[in-house]
Amino acid sequence: MECVFGLVGNGFAIVAADTSAVQSILVHKNNEDKIMALDSHKLIAASGEPGDRVQFTEYVQKNVSLYQFRNGIPLTTAAAANFTRGELATALRKNPYSVNILMAGYDKEAGASLYYIDYIATLHKVDKGAFGYGSYFSLSTMDRHFRSDMSVEEAIELVDKCILEIRSRLVIAPPNFVIKIVDKDGAREHVWRQSVQDVTTAAV
């Protein structure tokens with residue numbers, strides 16, 4: 001029951017993701033961070049099979065870092081999104097990755113942007129996007145309340161509304177979410193919205 005969503009505001013982009021690691025009927029942990037920093041001004045939020053999600057996002061992160069190391073300049077968000085889409089398209093004909101991605105970034109010239117990349121290598125630049133069962137509720141909530149000129153505070157309030165809808169209406173809703181922001185000051189963690197602490201094994 002994964003939930004990943006994001007939006008672009010006035011000079012920033014926000015992505016949020018649930019933090020549950022689930023297999024079949026088991027919850028393994030409630031503090032799995034599904035949003036990775038690609039570099040100082042890019043975030044990649046992913047949903048899908050846990051092995052594919054971790055392996056592919058790390059692969060993209062290392063290749064983005066390698067490009068910057070070799071050339072002395074970082075990839076733009078659009079270039080990183082197109083590279084990611086190309087790798088998914090190549091893998092689609094060999095050994096497909098079951099992973100869906102929202103990539104957020106900030107560039108000096110282009111400003112903040114958000115890219116939607118699904119498991120069959122579809123790429124779109126969007127103002128708002130979502131993956132997972134939570135998308136049924138977060139997309140409709142963002143359709144109703146989203147504005148392109150939102151401030152950070154208004155965007156966080158909208159993200160909280162999406163989380164509340166998911167928790168209220170999804171049958172097996174993830175309890176915890178992490179919210180991250182990228183703007184001219186860089187990519188950073190904003191806050192965790194937790195209703196359940198991490199599952200720990202009690203001593204017998």
Side-chain angles (χ1 to χ4, degrees), residues 2-21 31-48 50 52-68 73-85 87-88 97 99-119 123-132 134-135 138-139 142 146 148 150-153 155-156 158-160 162-163 174 176-193:
E2 290 189 299
C3 307
V4 176
F5 58 95
L7 58 92
V8 178
N10 184 16
F12 65 92
I14 288 182
V15 286
D18 75 282
T19 62
S20 298
N31 61 355
E32 175 78 6
D33 192 349
K34 298 175 184 177
I35 307 174
M36 176 185 287
L38 288 185
D39 62 21
S40 62
H41 286 76
K42 293 180 194 66
L43 294 169
I44 182 169
S47 67
D52 287 354
R53 172 175 54 79
V54 172
Q55 195 277 332
F56 186 73
T57 53
E58 286 185 354
Y59 172 77
V60 172
Q61 182 194 48
K62 302 313 177 190
N63 275 274
V64 168
S65 298
L66 178 62
Y67 178 91
Q68 184 171 357
I73 56 172
L75 285 169
T76 63
T77 308
N82 277 278
F83 167 77
T84 304
R85 185 261 168 201
E87 293 302 309
L88 279 172
Y97 291 103
V99 59
N100 300 300
I101 288 169
L102 287 177
M103 185 179 293
Y106 185 91
D107 304 296
K108 288 182 180 179
E109 295 79 15
S113 56
L114 181 69
Y115 290 87
Y116 170 107
I117 312 164
D118 70 10
Y119 73 102
L123 170 64
H124 285 291
K125 184 178 181 182
V126 295
D127 291 327
K128 56 188 183 298
F131 284 112
S135 65
S138 56
L139 282 175
M142 288 190 287
F146 174 80
S148 59
M150 296 181 84
S151 67
V152 172
E153 292 74 19
I156 292 297
L158 176 52
V159 169
D160 285 338
C162 292
I163 292 172
N176 301 339
F177 289 80
V178 60
I179 303 169
K180 296 188 180 183
I181 296 177
V182 58
D183 58 17
K184 61 181 176 59
D185 298 320
R188 61 194 181 276
E189 184 178 296
H190 180 71
V191 70
W192 286 65
R193 297 290 191 235

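Since we're looking at a predicted model, the values are computed, not measured. We're numbering straight along the sequence, starting at 1.
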Among Ile101, Asn100, Leu88, which residue satisfies the side chain to side chain contact (heavy atoms under 4.5 Å, CB included) criterion with Asp118?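 Only one of Ile101, Asn100, Leu88 forms a side chain to side chain contact (heavy atoms under 4.5 Å, CB included) with Asp118, namely Asn100.
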Determine the minimum heavy-atom distance between [X] and [Y], stating which atoms define it.
{"X": "Ile14", "Y": "Ala155", "answer": "CD1-CB, 3.6 Å"}
{"X": "Val4", "Y": "Ser47", "answer": "CG2-CB, 3.8 Å"}
{"X": "Gly6", "Y": "Leu102", "answer": "N-CD1, 3.7 Å"}
{"X": "Ala81", "Y": "Leu123", "answer": "CB-CD1, 4.0 Å"}
{"X": "Phe83", "Y": "Asn63", "answer": "CZ-CB, 3.6 Å"}
{"X": "Asp39", "Y": "Ala187", "answer": "O-CB, 4.4 Å"}

Under a 3.5 Å distance rule, please check whether [X] uses its side chain to pair with a backbone N or O of [Y] as donor and acceptor.
{"X": "Lys34", "Y": "Ser20", "result": "yes"}
{"X": "His41", "Y": "Lys184", "result": "yes"}
{"X": "Lys42", "Y": "Leu75", "result": "yes"}
{"X": "Glu2", "Y": "Asp18", "result": "no"}

With sequence neighbours excluded, tell me which residues meet side chain to side chain contact (heavy atoms under 4.5 Å, CB included) with Thr57.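 Checked Thr57 against side chain to side chain contact (heavy atoms under 4.5 Å, CB included); matches are Met36, Ile44, Ala46.
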Does the side chain of His190 reach to within under 4.5 Å of the side chain of Lys180, using non-hydrogen atoms?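 No; the side chains remain at least 4.5 Å from each other.
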Is the shortest heavy-atom distance from the side chain of Val159 to the side chain of Phe5 under 4.5 Å?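 They are in contact (side-chain heavy atoms under 4.5 Å apart), so the answer is yes.
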Strictly by modelled atom types, are Asp107 and Thr76 linked by a side-chain donor-acceptor pair under 3.5 Å?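 Per modelled atom types, Asp107 and Thr76 side chains form no pair under 3.5 Å.
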Can you tell me if Gln55 and Tyr97 form a side-chain donor-acceptor pair at under 3.5 Å?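 Yes, Tyr97 and Gln55 have a side-chain donor paired with an acceptor closer than 3.5 Å.
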Can you tell me how far the [atom1] atom of [X] sits from the [atom2] atom of [Y], to the nearest 0.5 Å?
{"X": "Phe146", "Y": "Leu139", "atom1": "CZ", "atom2": "CG", "result": "12.0 Å"}
{"X": "Leu38", "Y": "Gln61", "atom1": "CG", "atom2": "CD", "result": "6.5 Å"}
{"X": "Arg193", "Y": "Ile156", "atom1": "CZ", "atom2": "CD1", "result": "6.5 Å"}
{"X": "Ile35", "Y": "Met103", "atom1": "CD1", "atom2": "CE", "result": "13.0 Å"}
{"X": "Asp185", "Y": "Tyr106", "atom1": "CG", "atom2": "OH", "result": "9.0 Å"}
{"X": "Ile181", "Y": "Ile179", "atom1": "CD1", "atom2": "CD1", "result": "8.0 Å"}

Is the His124 ring parallel, tilted or perpendicular to the Tyr116 ring (thresholds 30°, 60°)?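 The arrangement is tilted - the two ring planes meet at 30° to 60°.
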Step through the shown structure and confirm whether more than 12 heavy atoms of other residues, nucleotides or ligands are within 6.0 Å of OH on Tyr119.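 Incorrect, the count does not exceed 12.
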